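Everything quoted here is computed from the prediction, not taken from an experiment.
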Amino acid sequence: MHNRTPRIPDQLVPNRAELDARFTVELASVVTGARRRALRDGDRQIDTAHLLHSLIETDPDVREAFDGGPRLARILGYLVQRSIGYGLRWQGSVEDSGAVPAVGEPAADGWSPSAVAAMEGALDRALVRGEPRVAGLDLLAALACDKQCRAMEVLARAGVDAGWLAGRAAELTTGSSRQA
């Protein structure tokens with residue numbers, strides 16, 4: 001029997017100690033929340049919309065990036081409707097925006113190729129800043145750079161410009177790393 005529990009991709013996190021070393025506590029909670037959301041929705045893979053939903057629910061810095069309540073309320077409204085509305089067309093399909101070159105095999109067990117690309121992009125952003133841990137804002141900025149992923153489809157429907165969001169996340173990340 002196939003295990004339906006999405007796992008963290010091996011290429012990102014080979015063991016629990018590596019997870020603790022690379023992710024902030026908030027981002028580890030985001031991954032756990034996205035996994036739980038995928039299972040509850042009956043999805044075979046964690047996709048970028050699961051990551052976005054969990055980011056917004058878990059990380060106060062990510063909520064700050066959206067600059068206010070009305071915008072967040074619209075985004076959460078779309079995300080909540082996902083399992084009963086427009087998200088139904090996503091069920092049973094693999095999210096692949098082309099961010100990761102297809103090699104015939106799924107990118108990682110339980111993760112969409114776009115979600116893997118976003119996690120890798122978040123890791124890269126933290127390394128460029130010289131930070132050992134990946135923060136939620138790193139993941140938000142990485143999501144905003146993939147304009148064809150499901151998270152960006154949700155944001156576009158809510159009227160959020162991906163370029164503005166990537167810039168805002170980068171601005172807040174730079175500001176928080178200078179304060180630390």
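- In this structure, CD1 on I56 lies 10.0 Å from OG1 on T58, to the nearest 0.5 angstrom.
- M119 is not connected to V25 by any chain of hydrophobic side-chain contacts under 4.5 Å among Ile, Leu, Val, Met, Phe, Trp and Tyr, and they are in different clusters.
- Taking 4.5 Å as the limit, every side-chain heavy atom of D61 sits out of range of all side-chain heavy atoms of L172.
- Smallest separation of non-hydrogen atoms from A169 and L137: CB-O, 3.8 Å.
- A pairwise comparison of heavy atoms in A65 and L140 identifies CB-CD2, 3.8 Å as the closest pair.
- H53 places none of its side-chain heavy atoms less than 4.5 Å from the side chain of H50.
- Under the side chain to side chain donor-acceptor pair (under 3.5 Å) criterion, R74 pairs with no residue at all, not counting sequence neighbours.
- Interatomic distance, CG of D138 versus OG1 of T173, reported as 5.0 Å (0.5 Å rounding).
- Judged by distance alone, the side chain of D43 and the main-chain N or O of Q45 form no donor-acceptor pair under 3.5 Å.
- Note that CD1 of I46 is 6.5 Å distant from CG of L51, once rounded to the nearest 0.5 Å.
- Y78 and W164 fall within the same hydrophobic cluster, where Ile, Leu, Val, Met, Phe, Trp and Tyr residues are linked whenever their side-chain heavy atoms come under 4.5 Å apart, directly or through other members.
- Taking both residues in full, the closest heavy atoms of F66 and R71 are given as O-NH1, 2.9 Å, listed atom of the first, atom of the second, then distance.
- Judged by distance alone, with hydrogens and angles left aside, the side-chain atoms of S54 form a donor-acceptor pair with the main-chain N or O of V30 at under 3.5 Å.
- Summarising the geometry, atom CG belonging to L79 is positioned 7.5 Å from atom CZ belonging to R37; distances are rounded to the nearest 0.5 Å.
- Not a single donor-acceptor pair under 3.5 Å links the side chain of R125 to the backbone N or O of A170.
- Atom CD of residue Q148 and atom CD of residue E153 lie 11.0 Å apart, to the nearest 0.5 angstrom.
- Summarising the geometry of S114 relative to C149, their closest heavy-atom pair is CB-CB, 4.3 Å, with the distance given to 0.1 Å.
- To the nearest 0.5 angstrom, L52 atom CG is 10.0 Å from E57 atom CD.
- Side-chain contact between W111 and T48 is absent, with no heavy-atom pair separated by less than 4.5 Å.
- Nearest heavy-atom pair across M152 and A162 is SD-CB, 3.7 Å.
- Residues L27 and F23 come closest through the heavy atom pair CD2-CD2, 3.8 Å.
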